[in-house]
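Here's the structure, in C-alpha coordinates; my notes come after.
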Amino acid sequence: NANGAHIPQLGFGTFRMPEPEVISILPKALQSGFSHVDTAQIYENEAAVGEAIRQSGIARQNIFLTTKVWVANYGKDAFATSVEESLHKLKTDHVDLLLLHWPNEAVPLEVQIAELNAVRERGLARHIGVSNFNTALVAEAVRLSAAPLATNQVEYHPFLDQTKVREATESHGMALTAYFAMADGRVPNDPVLKEIGLAHGKSAAQVALRWLIQQPEVVALTKTSTQARLAENLDIFDFALTAEEVARIHKLARP
(Lines give C-alpha, C1' and ligand atoms only; values in the text may rest on other atoms or scores of the structure.)
Protein backbone atom coordinates (compact mmCIF):
# COMPACT_ATOMS: atom_id res chain seq x y z
CA ASN A 1 0.00 0.00 0.00
CA ALA A 2 1.87 3.06 -1.29
CA ASN A 3 0.03 6.34 -0.79
CA GLY A 4 -3.27 4.56 -1.45
CA ALA A 5 -2.04 2.49 -4.39
CA HIS A 6 -2.32 -1.22 -3.68
CA ILE A 7 0.53 -2.46 -5.86
CA PRO A 8 0.88 -6.25 -6.07
CA GLN A 9 4.33 -7.03 -4.62
CA LEU A 10 5.47 -9.11 -7.55
CA GLY A 11 5.14 -7.74 -11.05
CA PHE A 12 5.80 -9.16 -14.50
CA GLY A 13 8.24 -6.91 -16.39
CA THR A 14 8.40 -6.69 -20.19
CA PHE A 15 11.62 -4.69 -20.75
CA ARG A 16 13.52 -5.82 -23.89
CA MET A 17 10.71 -8.26 -24.66
CA PRO A 18 9.73 -8.26 -28.35
CA GLU A 19 6.02 -8.35 -29.15
CA PRO A 20 5.88 -12.05 -30.23
CA GLU A 21 7.50 -13.03 -26.93
CA VAL A 22 4.97 -10.94 -24.97
CA ILE A 23 2.11 -12.61 -26.84
CA SER A 24 3.53 -16.06 -26.13
CA ILE A 25 4.39 -15.74 -22.42
CA LEU A 26 2.25 -12.97 -20.84
CA PRO A 27 -1.14 -14.74 -21.14
CA LYS A 28 0.43 -17.75 -19.37
CA ALA A 29 1.95 -15.47 -16.71
CA LEU A 30 -1.46 -13.94 -15.98
CA GLN A 31 -3.12 -17.37 -15.91
CA SER A 32 -0.37 -18.61 -13.54
CA GLY A 33 -1.17 -15.89 -11.01
CA PHE A 34 0.73 -12.73 -11.95
CA SER A 35 -1.66 -9.78 -11.55
CA HIS A 36 0.76 -6.87 -12.03
CA VAL A 37 2.21 -6.07 -15.48
CA ASP A 38 4.85 -3.45 -16.22
CA THR A 39 5.51 -1.93 -19.65
CA ALA A 40 6.55 1.43 -21.13
CA GLN A 41 6.14 3.49 -24.29
CA ILE A 42 9.83 3.02 -25.18
CA TYR A 43 9.62 -0.79 -24.92
CA GLU A 44 7.52 -0.70 -28.11
CA ASN A 45 5.40 -3.61 -26.90
CA GLU A 46 2.33 -1.93 -25.35
CA ALA A 47 0.09 -3.25 -28.17
CA ALA A 48 1.28 -6.82 -27.49
CA VAL A 49 0.68 -6.33 -23.75
CA GLY A 50 -2.87 -5.21 -24.49
CA GLU A 51 -3.45 -8.17 -26.78
CA ALA A 52 -1.90 -10.62 -24.27
CA ILE A 53 -4.21 -9.33 -21.52
CA ARG A 54 -7.17 -9.83 -23.86
CA GLN A 55 -6.02 -13.35 -24.77
CA SER A 56 -5.43 -14.32 -21.13
CA GLY A 57 -9.15 -14.21 -20.35
CA ILE A 58 -8.33 -12.46 -17.05
CA ALA A 59 -10.64 -9.51 -16.39
CA ARG A 60 -8.97 -6.11 -16.79
CA GLN A 61 -10.06 -5.04 -13.28
CA ASN A 62 -8.07 -7.95 -11.83
CA ILE A 63 -4.83 -6.69 -13.38
CA PHE A 64 -2.60 -3.91 -12.09
CA LEU A 65 -1.17 -2.34 -15.24
CA THR A 66 1.76 0.10 -15.34
CA THR A 67 3.19 2.04 -18.25
CA LYS A 68 5.67 4.91 -18.48
CA VAL A 69 5.76 8.14 -20.47
CA TRP A 70 8.94 8.43 -22.51
CA VAL A 71 11.16 11.51 -21.98
CA ALA A 72 10.49 12.87 -25.49
CA ASN A 73 6.77 13.20 -24.60
CA TYR A 74 7.08 15.33 -21.45
CA GLY A 75 6.14 18.64 -23.10
CA LYS A 76 2.62 20.04 -22.79
CA ASP A 77 2.04 19.48 -26.51
CA ALA A 78 2.83 15.74 -26.41
CA PHE A 79 2.18 14.34 -22.92
CA ALA A 80 -1.58 13.67 -22.86
CA THR A 81 -1.64 12.56 -26.51
CA SER A 82 1.13 10.03 -25.85
CA VAL A 83 -0.81 8.61 -22.88
CA GLU A 84 -3.97 8.31 -25.00
CA GLU A 85 -1.90 6.43 -27.61
CA SER A 86 -0.58 4.09 -24.90
CA LEU A 87 -4.12 3.35 -23.68
CA HIS A 88 -5.28 2.68 -27.24
CA LYS A 89 -2.44 0.16 -27.73
CA LEU A 90 -3.09 -1.39 -24.31
CA LYS A 91 -6.82 -1.76 -25.19
CA THR A 92 -7.93 -0.09 -21.97
CA ASP A 93 -9.34 3.24 -20.81
CA HIS A 94 -6.87 3.62 -17.93
CA VAL A 95 -3.65 2.33 -16.46
CA ASP A 96 -3.36 1.64 -12.75
CA LEU A 97 0.00 3.38 -12.57
CA LEU A 98 1.64 5.91 -14.89
CA LEU A 99 5.29 6.82 -14.41
CA LEU A 100 7.71 9.42 -15.73
CA HIS A 101 10.33 7.05 -17.19
CA TRP A 102 13.56 9.00 -16.62
CA PRO A 103 14.51 12.51 -15.55
CA ASN A 104 14.60 14.98 -18.46
CA GLU A 105 15.91 18.46 -17.80
CA ALA A 106 14.76 19.71 -21.21
CA VAL A 107 11.25 20.11 -19.77
CA PRO A 108 10.76 21.77 -16.34
CA LEU A 109 9.86 19.18 -13.70
CA GLU A 110 6.83 21.24 -12.68
CA VAL A 111 5.44 20.87 -16.22
CA GLN A 112 6.04 17.08 -16.17
CA ILE A 113 4.33 16.73 -12.79
CA ALA A 114 1.44 19.01 -13.80
CA GLU A 115 0.84 16.91 -16.93
CA LEU A 116 1.03 13.69 -14.90
CA ASN A 117 -1.59 15.07 -12.50
CA ALA A 118 -3.79 16.26 -15.38
CA VAL A 119 -4.05 12.81 -16.99
CA ARG A 120 -4.74 11.33 -13.56
CA GLU A 121 -7.55 13.84 -13.01
CA ARG A 122 -9.04 12.76 -16.35
CA GLY A 123 -9.09 9.16 -15.07
CA LEU A 124 -6.51 7.92 -17.59
CA ALA A 125 -4.29 6.77 -14.72
CA ARG A 126 -5.41 5.68 -11.26
CA HIS A 127 -2.03 6.38 -9.68
CA ILE A 128 1.10 8.26 -10.71
CA GLY A 129 4.80 8.03 -9.93
CA VAL A 130 8.34 8.32 -11.21
CA SER A 131 11.19 6.08 -12.34
CA ASN A 132 14.97 6.43 -12.14
CA PHE A 133 14.73 9.56 -9.97
CA ASN A 134 17.42 10.28 -7.40
CA THR A 135 16.44 11.29 -3.85
CA ALA A 136 16.61 15.06 -4.52
CA LEU A 137 14.41 14.75 -7.61
CA VAL A 138 11.93 12.54 -5.75
CA ALA A 139 11.61 15.17 -3.00
CA GLU A 140 11.08 17.89 -5.60
CA ALA A 141 8.51 15.79 -7.51
CA VAL A 142 6.60 15.10 -4.26
CA ARG A 143 6.62 18.83 -3.45
CA LEU A 144 5.28 19.74 -6.90
CA SER A 145 2.58 17.06 -7.14
CA ALA A 146 -1.02 17.69 -6.09
CA ALA A 147 -1.74 13.94 -6.02
CA PRO A 148 0.44 11.55 -3.99
CA LEU A 149 3.19 9.73 -5.88
CA ALA A 150 2.93 5.96 -5.51
CA THR A 151 6.44 4.78 -6.39
CA ASN A 152 9.93 5.40 -7.67
CA GLN A 153 10.94 2.51 -9.95
CA VAL A 154 14.71 1.98 -9.91
CA GLU A 155 17.37 -0.66 -10.47
CA TYR A 156 17.68 -2.70 -7.28
CA HIS A 157 19.18 -6.12 -6.59
CA PRO A 158 21.49 -7.71 -4.00
CA PHE A 159 24.64 -6.22 -5.57
CA LEU A 160 23.45 -2.60 -5.58
CA ASP A 161 23.06 -0.63 -2.36
CA GLN A 162 19.87 1.42 -2.65
CA THR A 163 19.44 2.13 1.07
CA LYS A 164 19.26 5.92 0.63
CA VAL A 165 16.74 5.70 -2.20
CA ARG A 166 14.65 3.20 -0.25
CA GLU A 167 14.65 5.36 2.88
CA ALA A 168 13.73 8.44 0.83
CA THR A 169 10.77 6.79 -0.91
CA GLU A 170 9.57 5.34 2.40
CA SER A 171 9.75 8.77 4.06
CA HIS A 172 7.38 10.10 1.37
CA GLY A 173 4.97 7.15 1.84
CA MET A 174 6.01 5.75 -1.55
CA ALA A 175 6.97 2.25 -2.62
CA LEU A 176 10.28 1.43 -4.26
CA THR A 177 9.72 -0.74 -7.34
CA ALA A 178 12.81 -2.81 -8.13
CA TYR A 179 13.75 -3.65 -11.70
CA PHE A 180 16.78 -5.65 -12.93
CA ALA A 181 16.27 -7.90 -9.89
CA MET A 182 18.35 -10.73 -11.41
CA ALA A 183 21.26 -8.32 -12.09
CA ASP A 184 21.65 -9.52 -15.67
CA GLY A 185 22.19 -13.16 -14.74
CA ARG A 186 24.47 -12.59 -11.72
CA VAL A 187 21.81 -13.57 -9.18
CA PRO A 188 21.11 -17.20 -10.23
CA ASN A 189 24.82 -18.11 -10.00
CA ASP A 190 25.74 -16.26 -6.81
CA PRO A 191 27.19 -18.71 -4.23
CA VAL A 192 25.77 -16.87 -1.19
CA LEU A 193 22.26 -16.72 -2.66
CA LYS A 194 22.48 -20.38 -3.72
CA GLU A 195 23.60 -21.41 -0.24
CA ILE A 196 20.76 -19.49 1.44
CA GLY A 197 18.37 -21.03 -1.07
CA LEU A 198 19.46 -24.55 -0.14
CA ALA A 199 18.32 -24.00 3.45
CA HIS A 200 14.80 -23.21 2.18
CA GLY A 201 14.63 -25.55 -0.81
CA LYS A 202 14.60 -22.49 -3.09
CA SER A 203 16.69 -21.21 -6.00
CA ALA A 204 19.02 -18.20 -5.79
CA ALA A 205 16.52 -16.29 -7.96
CA GLN A 206 13.69 -17.01 -5.52
CA VAL A 207 15.91 -15.88 -2.62
CA ALA A 208 16.66 -12.55 -4.33
CA LEU A 209 12.98 -11.90 -5.08
CA ARG A 210 12.00 -12.84 -1.53
CA TRP A 211 14.73 -10.53 -0.15
CA LEU A 212 13.26 -7.66 -2.16
CA ILE A 213 9.60 -8.13 -1.20
CA GLN A 214 10.47 -8.79 2.44
CA GLN A 215 11.74 -5.21 2.69
CA PRO A 216 9.10 -2.65 3.72
CA GLU A 217 7.33 -1.02 0.78
CA VAL A 218 9.41 -2.78 -1.88
CA VAL A 219 7.80 -4.17 -5.03
CA ALA A 220 9.81 -6.49 -7.31
CA LEU A 221 9.53 -6.88 -11.06
CA THR A 222 10.61 -10.14 -12.60
CA LYS A 223 10.72 -11.25 -16.18
CA THR A 224 10.98 -14.58 -17.89
CA SER A 225 10.26 -15.89 -21.36
CA THR A 226 10.10 -19.56 -20.30
CA GLN A 227 6.92 -21.05 -18.92
CA ALA A 228 8.75 -23.28 -16.40
CA ARG A 229 10.20 -20.21 -14.68
CA LEU A 230 6.78 -18.57 -14.17
CA ALA A 231 5.89 -20.92 -11.32
CA GLU A 232 9.36 -20.51 -9.80
CA ASN A 233 9.06 -16.72 -9.83
CA LEU A 234 5.62 -16.83 -8.19
CA ASP A 235 6.65 -19.35 -5.56
CA ILE A 236 8.18 -16.87 -3.10
CA PHE A 237 5.33 -16.32 -0.67
CA ASP A 238 5.62 -19.57 1.30
CA PHE A 239 8.93 -18.92 3.04
CA ALA A 240 10.71 -16.10 4.87
CA LEU A 241 14.38 -15.20 5.14
CA THR A 242 15.82 -14.84 8.63
CA ALA A 243 17.22 -11.48 9.78
CA GLU A 244 20.70 -13.02 9.52
CA GLU A 245 20.09 -14.16 5.93
CA VAL A 246 18.75 -10.72 4.97
CA ALA A 247 21.87 -9.10 6.45
CA ARG A 248 24.13 -11.51 4.53
CA ILE A 249 22.41 -10.58 1.27
CA HIS A 250 22.71 -6.85 2.01
CA LYS A 251 26.47 -7.39 2.45
CA LEU A 252 26.74 -8.42 -1.22
CA ALA A 253 26.04 -4.82 -2.27
CA ARG A 254 28.64 -2.36 -3.47
CA PRO A 255 28.09 1.40 -3.37
State whether the side chain of [X] and the backbone N or O of [Y] hold a donor-acceptor pair below 3.5 Å, judged by distance alone.
X	Y	result
Ser86	Ser82	yes
Asp190	Leu193	yes
Asn62	Ile58	no
Ser145	Pro148	no
Thr226	Ala228	no
Gln162	Glu155	yes
Gln112	Asn104	yes
Arg54	Gly57	no
Lys89	Glu85	no
Asn73	Ala78	no

Using 0.5 Å steps for rounding, measure from the [atom1] atom of [X] to the [atom2] atom of [Y].
X	Y	atom1	atom2	result
Ser24	Glu19	OG	CD	12.5 Å
Ile236	His200	CD1	NE2	13.0 Å
Arg16	Asn45	CZ	CG	13.0 Å

Criterion side-chain hydrogen bond (donor to acceptor under 3.5 Å, both in side chains) against Gln153, the qualifying member of Asp38, Asn132, Thr66, Thr169
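Answer to the side-chain hydrogen bond (donor to acceptor under 3.5 Å, both in side chains) test with Gln153 among Asp38, Asn132, Thr66, Thr169: Asp38.
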Any non-hydrogen side-chain atom of [X] less than 4.5 Å from a side-chain atom of [Y]?
X	Y	result
Ile249	Pro158	yes
Leu65	His36	no
Leu100	Phe79	yes
Asn134	Val138	no
Leu26	Phe34	no

Charged N to carboxylate O under 4.0 angstrom, [X] versus [Y]?
X	Y	answer
Lys76	Glu115	no
Glu232	Arg229	yes
Lys202	Asp238	yes

Can you give me the closest heavy-atom contact between [X] and [Y], atom names plus distance?
X	Y	result
Leu212	Ala178	CD2-CB, 3.9 Å
Ala141	Ile113	CB-CD1, 3.8 Å
Val219	Ala175	CG2-CB, 4.3 Å
Met174	Ala2	C-CB, 4.2 Å
Ala139	His172	CA-NE2, 3.8 Å
Leu209	Leu221	CD2-O, 4.5 Å

Does Phe159 have Arg186 sitting over its ring (NZ/CZ under 6.0 Å from centre, angle to axis within 45°)?
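Yes, Arg186 and Phe159 form such a contact.
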We want to know whether [X] and [Y] form a side-chain donor-acceptor pair, criterion being a heavy-atom distance below 3.5 angstrom.
X	Y	value
Thr67	Gln41	no
Ser131	Asn152	no
Gln214	Arg210	yes
Ser56	Gln31	no

His101 and ring pair (Phe, Tyr, Trp, His ring centres under 6.0 Å): which single residue from Tyr43, Phe15, Phe133 fits?
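Going through Tyr43, Phe15, Phe133 one by one, the ring pair (Phe, Tyr, Trp, His ring centres under 6.0 Å) with His101 is satisfied by Tyr43 alone.
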Working note: Glu245 + Arg248, criterion salt bridge (charged side-chain N to carboxylate O under 4.0 Å, His left out); need CA distance, chi angles, decisive distance, verdict.
CA-CA 5 Å; Glu245 287 168 337; Arg248 268 187 85 191; over 6 Å; no
For Thr151, which of Leu176, Ile128, Leu99, Asn3 qualifies under side-chain contact (heavy atoms from CB on, under 4.5 Å)?
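Checked Leu176, Ile128, Leu99, Asn3 against Thr151; only one passes side-chain contact (heavy atoms from CB on, under 4.5 Å): Leu99.
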Take Arg143 and Glu140 through the salt bridge (charged side-chain N to carboxylate O under 4.0 Å, His left out) test and state the conclusion after the steps.
CA-CA 5 Å; Arg143 189 182 68 76; Glu140 184 66 359; 2.9 Å; yes
Is it possible for you to say whether [X] and [Y] belong to one hydrophobic cluster, with membership spreading through side-chain heavy-atom contacts below 4.5 Å?
X	Y	value
Phe12	Ile23	no
Val49	Ile7	no
Val154	Leu160	no
Val37	Val69	yes
Ile25	Phe64	no

Qualifying residues under salt bridge (charged side-chain N to carboxylate O under 4.0 Å, His left out), relative to Asp161, sequence neighbours excluded:
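Salt bridge (charged side-chain N to carboxylate O under 4.0 Å, His left out) check on Asp161 returns nothing, list empty.
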Under 3.5 Å, side-chain donor or acceptor atoms of residues 119-127 against the rest of the protein: list the pairs with distances, not counting sequence neighbours.
| unit_1 | atom_1 | unit_2 | atom_2 | d |
| --- | --- | --- | --- | --- |
| Arg122 | NH1 | Glu84 | OE2 | 3.1 |
| Arg122 | NH2 | Glu84 | OE2 | 2.9 |
| Arg126 | NH1 | His94 | NE2 | 3.4 |
| Arg126 | NH1 | Asp96 | OD1 | 3.4 |

Determine whether the aromatic ring centres of residues Tyr156 and Trp211 are separated by less than 6.0 angstrom.
yes
